[in-house]
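Heads up, the thing below is written out as structure tokens.
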2 protein chains.
Amino acid sequence: MDAQSPETNPSPWMPFESRRRARDEKREAVLRTAVRLFLEQGYHRVTLNDVAERLNITKPALYNYFRSKDEILFECWALGQEIVDEFIAAIDKGGGNALAKLRKLIQAYAEQMTTDSGASLVRFDARDLTAENQKIVRAAKKRIDRTFRKYLADGVADGSIKPCDPKLTAFAIAGSLNWIGHWYQRDGAWSAEAVASRFAAQLTEGLAKAPASKRGPATPKKSRPAKGGRK
Amino acid sequence: MDAQSPETNPSPWMPFESRRRARDEKREAVLRTAVRLFLEQGYHRVTLNDVAERLNITKPALYNYFRSKDEILFECWALGQEIVDEFIAAIDKGGGNALAKLRKLIQAYAEQMTTDSGASLVRFDARDLTAENQKIVRAAKKRIDRTFRKYLADGVADGSIKPCDPKLTAFAIAGSLNWIGHWYQRDGAWSAEAVASRFAAQLTEGLAKAPASKRGPATPKKSRPAKGGRK
DNA sequence: CCCGTATATTACCCATGGGTAAGAAAAAGT
DNA sequence: ACTTTTTCTTACCCATGGGTAATATACGGG
């Protein structure tokens, strides 16, 4: 993930300097700044002046890139959702039985929750969007939910997961994962990958039918040299 | 806008009728209405006029009972927190080993999440409150978190729970439970108690050291472990 | 160097909604 | 009754902040 130095502005608008970056880069810079501010202070407490100020521009300049505040919010959300859709597609195409796919999904989703764009998926309020965009958000949430339920149901069917109610279990897992977006902070004791792998292990070990010996033994931290993040 | 919800018109201010209820009842009625509206539409989209209108009064009348909008929000939150504090105290005083207490806590907390006052604990944004009230909220959240972690740590210590990281596991459990406040709706297929007991079972069965038979905990020893881990 | 286009700024509009002032209308006290 | 206190209403204030208009500045091509 892009190194965004603390507190500094990665703004393409340097006060008195080359202001000639490509339009898309500026658009993205707006979104990165907006996401950060929305998460820090909450959408309703952040004004467009705040966003603009942090970018060394003025509010009306934002309207060259976006039509409204809620469109900015939506695009922020979309950035995060895009990533989720991508890894869902990748996992779905990949191999493994249902339980293995579920583990991958949990791992990827948990990691996503530790990022700004991931946290925005659960910490933004869809009701701040237009009716049309709310529909899009609802559809996306439904896609995620369906994926979790499908893996659970498939796992029960193929015997890799012990009988459970897919709907309720999906809610339980999603809740655990979404919550990461509320408490995780980069400067904490746990790396994103560490949190994700612990969650993947812990959330599935109660579900696996046979003693989960695929990769991580029941004892968590011995065999996995998962110290610093690879990648 | 729409007509009053047919079943729910607990307003002591009937249009042209007895307006003589006790002050505290009216205060509570304001809070019940406010909680409902805040949950339905979100704090920032609800105006005090909206709240007043649903109570058949006008906005300034609210200021006889509250000093500000954010005080109303805080009192709404406090109603829900009070209940949590009560059952935490009850469970803590009650019997059972750490695992049993954890189950009780999960059950009670899950049920609370299916109520308006419970959902408000996780769906309200503390940043809408004054700095002092934010401190109170943070302290309360910390109390809950400490309770979960304590039961987990005690359980690991007394052998009723298999080794795990109490902090991370507490987050996982709390996340599942808090999420209930986001998806549960009373008119769904599941009763609050049913959801709660399923969660209590499912979230702990992966933790229990011995295969948990339906009711009888594996080892109902007299274990009353040291309680003062830290304070 | 000039002109068209993209981009940014200054200055403004105005709906919204929290909050208040002043006084009417009930309750309660005497 | 009539006075006092509490409760509620009408009418208003005004800071906030999303959004716009008019205009200025930079940029790229001829």
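Note on naming: letters A, B, ... go to the chains in the order of the sequence lines (proteins, then strands), and numbering restarts at 1 for each one.
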Could you check if a side-chain atom of B/Val137 sits within less than 4.5 angstrom of a side-chain atom of B/Arg127, using non-hydrogen atoms only?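 No, every pair of side-chain atoms sits at 4.5 Å or beyond.
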Taking only the side-chain nitrogens and oxygens of [X], find out if one of them lies under 4.0 Å from OP1 or OP2 of [N].
X	N	value
B/Thr58	D/dC8	no
B/Lys26	D/dC8	yes
A/Arg23	C/dA6	no

Which nucleotide in [options] has an atom nearest any side-chain atom of [X]:
X	options	answer
B/Ala61	D/dC8, C/dA21, C/dT7	D/dC8
B/Lys69	C/dG19, C/dT9, D/dC8	C/dG19
B/Ile57	C/dA8, D/dT9, C/dG18	D/dT9
B/Tyr63	C/dG19, C/dG17, D/dG17	C/dG19
A/Pro60	C/dT20, C/dA8, C/dT9	C/dT9
B/Thr47	C/dT9, C/dT7, C/dG18	C/dG18
A/Asn64	C/dT7, D/dA21, C/dG18	C/dT7

Nearest whole angstrom, please: distance from the [atom2] of [N] to the [atom1] of [X].
X	N	atom1	atom2	answer
B/Leu55	D/dT7	CG	P	16 Å
B/Glu71	C/dG19	CD	P	10 Å
B/Glu53	C/dT16	CD	P	15 Å
B/Asn49	C/dG19	CG	C1'	11 Å
B/Leu62	D/dT6	CG	P	19 Å
A/Phe66	C/dA8	CZ	P	12 Å
B/Tyr65	C/dG19	OH	C1'	18 Å
B/Arg27	D/dT7	CZ	P	12 Å

Closest-nucleotide 5' rank along DNA chain D - winner of A/Arg45 and A/Arg67: A/Arg45
N-O pairing of B/Arg149 and B/Asp145 below 4.0 Å: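 Salt bridge between B/Arg149 and B/Asp145, a charged N being under 4.0 Å from a carboxylate O: yes.
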Run the salt-bridge test on A/Asp154 and A/Lys101 with the 4.0 Å N-O cut-off and return the result as yes or no.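 Answer for the salt bridge query: no.
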If we count only N and O atoms by modelled type, under 3.5 Å, do the side chains of A/Asp125 and A/His44 hold a donor and an acceptor together? no
Passing candidate, salt bridge (Lys or Arg N to Asp or Glu O under 4.0 Å) with A/Glu75, options A/Lys69, A/Arg27, A/Arg32, A/Arg67: A/Arg27
Assess whether one donor atom and one acceptor atom, taken from the side chain of B/Lys59 and the base of C/dG17, lie less than 3.5 Å apart. no
Using the benzene-type ring in the case of Trp, are the ring centres of A/Trp183 and B/Phe171 under 6.0 Å apart?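 When the ring centroids of A/Trp183 and B/Phe171 are compared, they turn out to be within the sub-6.0 Å range.
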Using a heavy-atom cut-off of under 4.0 Å over every strand shown, decide if A/Val51 touches base, sugar-phosphate, or nothing. nothing
